Amino acid sequence: MLLRTHFATDLKNVQTGSKVKLAGWVNSHRDHGGIIFIDLRDKTGIIQLVIDPERSKESHSIGSDIRDEFVIIIDGEVRNRGTGLINPRIETGSIEVIVDNLKIESRSKPLPFTIGDKNVNEEIRLKYRYLDLRDSEAYKTFKLRSRVAIVTRNLLDSLGFLEVETPVLTKSTPEGARDYLVPSRVHHGEFFALPQSPQIFKQLLMVGGFDRYFQIAKCFRDEDLRADRQPEFTQIDVEMSFCTQEDVMNVAEALVKTIFKEAGHEIRTPFRRMKYNDAMELYGSDKPDLRYDMKMVEVSDLFADSTNDGFKNTALNRKKNRIKALKVIGGDSAFSRKILKELEDFVMKFGAKGLGYFQMREDGIKGPLTKFMNEELLKTLVERTDLKNGDLLFIGAGEKKRVWDYMGRLRIEIAKRLNLIDSNKFEFLWVVDFPMFERDNDGNVGALHHPFTMPKSLDEVDDIEDIESVAYDIVLNGIELGGGSIRIHRDDIQKRIFQLLNLTETEIDEKFGFLVEAFTYGAPPHGGFAIGFDRLIMLLAKKDSIRDVIAFPKTQKAQCLLTSAPDKVAIEKLREVNIRVNEKVKN
RNA sequence: GCAGCGGUAGUUCAGCGGUUAGAAUACUGGCCUGUCACGCCGGGGGUCGCGGGUUCAAACCCCGUCCGCUGCGCCA
């Protein structure tokens, strides 16, 4: 026998007078002493139940005991509500179900918070995540997530991609993020690592001749969290053989287009493209938000002739430094002295020594820096930046990476403050031609993308940072949605890259020997991409936090408040895996 | 690791050195046959995150600590 015949909102399409069986939660109840109203909720929505003692005395006596969030199962009859009794605020507001038989299936204690109340602290909502998920908006979000996963599988299947699962217990590799480690019971003192991505395995699948692979893969990185970063997350991982960068981009675009269509958005392909270097010079970011303009303008040459030694010396070393101007249309009136100070403090957090500015007024260009420039230079500056009355021009000067970074951040900050961002827009962009290597603050050379990326050339160059790679990122509205590259498929090139990354022969052999060896047995040229699945859903669902699109997310301290994981384990279990825990030592 | 904000009734908040710590809502007892956040009358409910200090007196000031959020570092 069925426990229910319909979901709540199905009843819109049911003949009045039909006998139905319904099941769900009591969303709210209104007991008038005589008649009782219950709003019954299931995953589809709400339907009003009426319990009338004249119809069913027994149901009425059970019904008077009912409280919110009880789980009930009822038999009843669908009927139209009388005139003036229609509730336009619910989908089923013109009908109701008169109850003939009522069963309380499961009782509920008073809830710690009201279902759907978004003002409740996240801490309490995460502890009772199963209650938070009862909200219909959460259901909608996860329905979207499910749909996107399904269209992803269908599209990639239709393009000849094979879904393959790669190991979760795998090998720790030296580069990249911190690994989550899993002790081996069988091998004393040895550990598995959880994969940061299936990168190496998917390349080995190409060597295995699978030609086209995909996976909706869980990835793990033991790094500190952000609003859009969780320690375990999901990516759509794709790899293909005998392909060019164009082939990979076509697949990625087709996939993104299909996904957005499923979410109700028609988007145009192909996406715009921009070289990494242009992105940095114009927007100070490798993931520029193109929903608003505000490009940076190079003004080093003008300051080279200024009478301020600081600016002048910065300007003269064009290889190392930049002086960038950022125009804010109408910014002179929009930004008070106090706000200018706030913006200066803002950029100084990111290493700026200060923030210069010019103001365009009725009677000419003003500002603290005008005294260092002659009329001719000021005139050129106004022309080059197309400065109009009422505009403000910010000037950032210093080491180029630093200037790119803080002026890029300033651009975003100003766009937020002036409401320049159209939240309904989707601006896609391919950022291409990434550098192969990058030096960190200590001067150590690392791979910008990852060490399996094909360099455009390994010929001798002045600076290792000048070597470009066949790598590309998909950027949407200033967020890195995903990225990929053409990979190295030759053992000699792969070895050379590891050497340039200062790995010793022994390290290469121990950590990546199996990969390099695989390339000695006939490896096809290959490449691919990965898209951050959670971030993608977050954007489509217009959520501010990745936690809203993950069923059981972790807090910023990487804990699960629902299960209290991670947790201590019994000493016997530790002994079994040959681990002893040290006392906590401060510093 | 660092910075900012927050932690007071089940929940959301007010109180910011001086009676017995309040409000709304939730909960609960009673009444109520057309409500839809039902209504009306009554009732109960607090480790003011935790520990220490200053003070005649601390939810309030100081120090430490824990937790949550946002960001920085970190995240090939």
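Fair warning: this is a prediction, and the values are worked out from it, not measured in the lab.
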Student: Under a 3.5 Å cut-off for both distances, is C5(B) Watson-Crick or wobble paired, and to whom?
Tutor: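 G68(B) - that is the nucleotide pairing with C5(B), both distances being under 3.5 Å.
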
Student: Using a cut-off of strictly less than 4.0 Å between a heavy atom of the residue and any atom of RNA chain B, enumerate the qualifying residues of residues 221-229 of chain A by number.
Tutor: R221(A), E223(A), D224(A), R226(A), A227(A), R229(A)

Student: Which part of the nucleic acid does R125(A) contact within heavy-atom distance under 4.0 Å: base, sugar-phosphate only, or nothing?
Tutor: nothing

Student: Separation of N87(A) atom CG from A37(B) atom P, in whole Å?
Tutor: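 My rounded result for the distance is 6 Å.
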
Student: Using atom C1' in both nucleotides, what's the gap between G34(B) and C41(B) to the nearest angstrom?
Tutor: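 Here G34(B) and C41(B) have their C1' atoms 22 Å from each other.
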
Student: I need the CD-P distance between E123(A) and U8(B), as an integer number of Å.
Tutor: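 It is 9 Å, rounded to the nearest whole Å.
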
Student: Rounding to the closest angstrom, what is the interatomic distance between G64(B) and C5(B) at atom P?
Tutor: 15 Å

Student: Base, sugar-phosphate, or nothing for I46(A), non-hydrogen atoms under 4.0 angstrom?
Tutor: nothing

Student: Would D65(A) and R107(A) count as a salt bridge (Lys or Arg N to Asp or Glu O under 4.0 Å) here? Give the steps.
Tutor: CA-CA 10 Å; D65(A) 195 31; R107(A) 306 174 80 88; 2.8 Å; yes

Student: Give one of base, sugar-phosphate or nothing for F452(A), where a contact means two heavy atoms less than 4.0 Å apart.
Tutor: nothing

Student: Please figure out whether G34(A) or G93(A) has its closest RNA chain B nucleotide nearer the 5' end.
Tutor: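 Closest to the 5' end, via its nearest nucleotide, is G34(A).
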
Student: Check whether any side-chain N or O of D509(A) sits under 3.5 Å from a backbone N or O of G513(A) as a donor-acceptor pair, and report yes or no.
Tutor: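 Absent.
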
Student: Using atom CD1 of I51(A) as one end and atom P of C36(B) as the other, report the distance to the nearest whole Å.
Tutor: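 Atom CD1 in I51(A) sits about 17 Å away from atom P in C36(B).
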
Student: Please determine whether a side-chain nitrogen or oxygen atom of N121(A) lies at a distance below 4.0 Å from atom OP1 or OP2 of U12(B).
Tutor: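 For U12(B), OP1/OP2 do have a side-chain N/O of N121(A) under 4.0 Å.
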
Student: We want to know whether S56(A) and D100(A) form a side-chain donor-acceptor pair, criterion being a heavy-atom distance below 3.5 angstrom.
Tutor: no

Student: Can you tell me, in whole Å, how much space there is between the P of G18(B) and that of C13(B)?
Tutor: 23 Å

Student: Please determine whether a side-chain nitrogen or oxygen atom of K349(A) lies at a distance below 4.0 Å from atom OP1 or OP2 of G71(B).
Tutor: no

Student: Heavy atom of residues 64-81 of chain A under 4.0 Å from RNA chain B: which residues?
Tutor: R67(A), R79(A), R81(A)

Student: Between G51(B) and G7(B), how many Å separate the two C1' atoms, rounded to a whole number?
Tutor: 16 Å

Student: Could you work out the separation of G46(B) and A3(B) based on their C1' atoms and round it to a whole Å?
Tutor: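 Straight-line distance between the two C1' atoms is 33 Å.
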
Student: Using Watson-Crick or G-U wobble geometry with both distances under 3.5 Å, which nucleotide pairs with U25(B)?
Tutor: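 Pairing partner, where one exists within any strand: G10(B).
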
Student: If you apply the rule salt bridge (Lys or Arg N to Asp or Glu O under 4.0 Å), what do you find for R229(A) with D224(A), and how did you get there?
Tutor: CA-CA 8 Å; R229(A) 252 163 50 190; D224(A) 288 334; over 6 Å; no

Student: If you count every heavy atom of other residues, nucleotides or ligands that lies below 6.0 Å from R125(A) atom CZ, does the total exceed 12?
Tutor: yes

Student: From CZ of F113(A) over to C1' of G7(B), roughly how many Å is that when rounded to an integer?
Tutor: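 Rounded to whole Å, this separation is 18 Å.
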
Student: Looking only at side-chain N and O atoms, does Q230(A) come under 4.0 Å of OP1 or OP2 in C75(B)?
Tutor: no

Student: Please work out if Q48(A) contacts a base, only the sugar-phosphate, or nothing of the nucleic acid, heavy-atom cut-off 4.0 Å.
Tutor: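 Base contact.
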
Student: Applying side-chain hydrogen bond (donor to acceptor under 3.5 Å, both in side chains), name anything that partners E413(A), two or more places apart in sequence or on another chain.
Tutor: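 Here the qualifying residues are R417(A).
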
Student: Is there a side-chain polar atom (N or O) of T555(A) under 4.0 Å from OP1 or OP2 of G68(B)?
Tutor: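 Yes, within the criterion.
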
Student: I'd like to know if the side chain of Q230(A) reaches the main chain of K554(A), judged simply by a donor and an acceptor atom lying under 3.5 Å from each other, with no hydrogens or angles considered.
Tutor: yes

Student: Is there a Watson-Crick or G-U wobble partner for U20(B) with both distances under 3.5 Å, and which nucleotide is it?
Tutor: none

Student: With distance as the sole criterion, is a donor-acceptor pair present between the side chains of E505(A) and Q499(A) under 3.5 Å?
Tutor: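 Distance-only check passes for E505(A) and Q499(A).
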
Student: Once you round it to whole Å, what is the distance between P of C66(B) and CG of L561(A)?
Tutor: 16 Å

Student: Take atom NZ of K118(A) and atom C1' of C13(B), then tell me their distance rounded to the nearest Å.
Tutor: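 My rounded result for the distance is 19 Å.
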
Student: Taking only side-chain N and O atoms of R409(A), does any of them lie within less than 4.0 angstrom of OP1 or OP2 on C72(B)?
Tutor: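 For R409(A), the contact criterion (side-chain N or O under 4.0 Å from OP1 or OP2 of C72(B)) is met.
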
Student: Looking at U35(B), I'd like to know if its phosphate oxygens (OP1 or OP2) sit under 4.0 Å from a side-chain N or O belonging to R30(A).
Tutor: no

Student: Using the C1' atom as the point on both nucleotides, what is the distance between C62(B) and A24(B), in whole Å?
Tutor: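 About 34 Å, rounded to a whole number of Å.
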
Student: Tell me every residue that passes side-chain contact (heavy atoms from CB on, under 4.5 Å) with K287(A), counting only those two or more places apart in sequence or in another chain.
Tutor: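 side-chain contact (heavy atoms from CB on, under 4.5 Å) check on K287(A) returns S285(A), V475(A), E480(A).
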
Student: Just by modelled atom types, is the R487(A) backbone N or O under 3.5 Å from a matching donor or acceptor in the S485(A) side chain?
Tutor: no

Student: If you measure from the P atom in U35(B) to the same atom in G17(B), how many Å do you get, rounded?
Tutor: 49 Å

Student: Compare the ring of H32(A) with the six-membered ring in the base of U35(B) and state whether they stack (centres under 5.5 Å, planes under 30°).
Tutor: no

Student: Heavy-atom contacts under 4.0 Å between residues 495-506 of chain A and RNA chain B, which residues?
Tutor: none

Student: Quick one: look up who C61(B) pairs with, Watson-Crick or G-U, both distances under 3.5 Å, and put none if it's unpaired.
Tutor: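 Looking at the geometry, C61(B) pairs with G53(B).
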
Student: What is the distance, to the nearest angstrom, from the CZ atom on F346(A) to the C1' atom on G4(B)?
Tutor: 14 Å

Student: What is the nucleic acid contact for P451(A), judged by heavy atoms within less than 4.0 Å: base, sugar-phosphate only, or nothing?
Tutor: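 Answer is base: heavy atoms of P451(A) come under 4.0 Å of a base.
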
Student: Classify the angle between the aromatic ring planes of F346(A) and F350(A) as parallel (below 30°), tilted (30 to 60°) or perpendicular (above 60°).
Tutor: perpendicular

Student: Write down the distance separating the C1' atoms in A59(B) and G15(B), rounded off to the nearest Å.
Tutor: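 My reading of the C1' atoms in A59(B) and G15(B) gives 9 Å.
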
Student: Which nucleotide, if any, forms a Watson-Crick or G-U wobble pair with C74(B), using both distances under 3.5 Å?
Tutor: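 Across all strands, not a single nucleotide pairs with C74(B).
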
Student: Report which part of the nucleic acid S197(A) touches: base, sugar-phosphate, or nothing (heavy-atom distance under 4.0 Å, all strands).
Tutor: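 The residue S197(A) makes base contact.
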
Student: Roughly how many Å is it from NZ in K543(A) to P in U70(B), rounded to a whole number?
Tutor: 15 Å

Student: So, does D52(A) use its side chain to make a donor-acceptor pair with the main chain of E54(A) at under 3.5 Å?
Tutor: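 Yes; judged by distance alone, with no hydrogens or angles, the pair exists.
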
Student: How would you list all residue pairs meeting ring-ring contact (aromatic ring centres under 6.0 Å, His included) that involve residues 31-59 of chain A, not counting sequence neighbours?
Tutor: H32(A)-F37(A)

Student: Which word best sums up how the rings of F498(A) and F512(A) line up, parallel for under 30°, tilted for 30 to 60°, or perpendicular for over 60°?
Tutor: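 F498(A) and F512(A): parallel rings.
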
Student: Scan E54(A) against the nucleic acid and name what it touches under 4.0 Å (heavy atoms): base, sugar-phosphate only, or nothing.
Tutor: base

Student: In Watson-Crick or G-U wobble terms, both distances under 3.5 Å, what is the partner of C32(B)?
Tutor: none

Student: Counting only N and O atoms by type, is there a donor-acceptor contact under 3.5 Å from the side chain of N121(A) to the main-chain atoms of E123(A)?
Tutor: no

Student: Given that G84(A) and R178(A) both sit by RNA chain B, which one's nearest nucleotide is further toward the 5' end?
Tutor: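 Counting from the 5' end, the first nearest nucleotide belongs to G84(A).
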
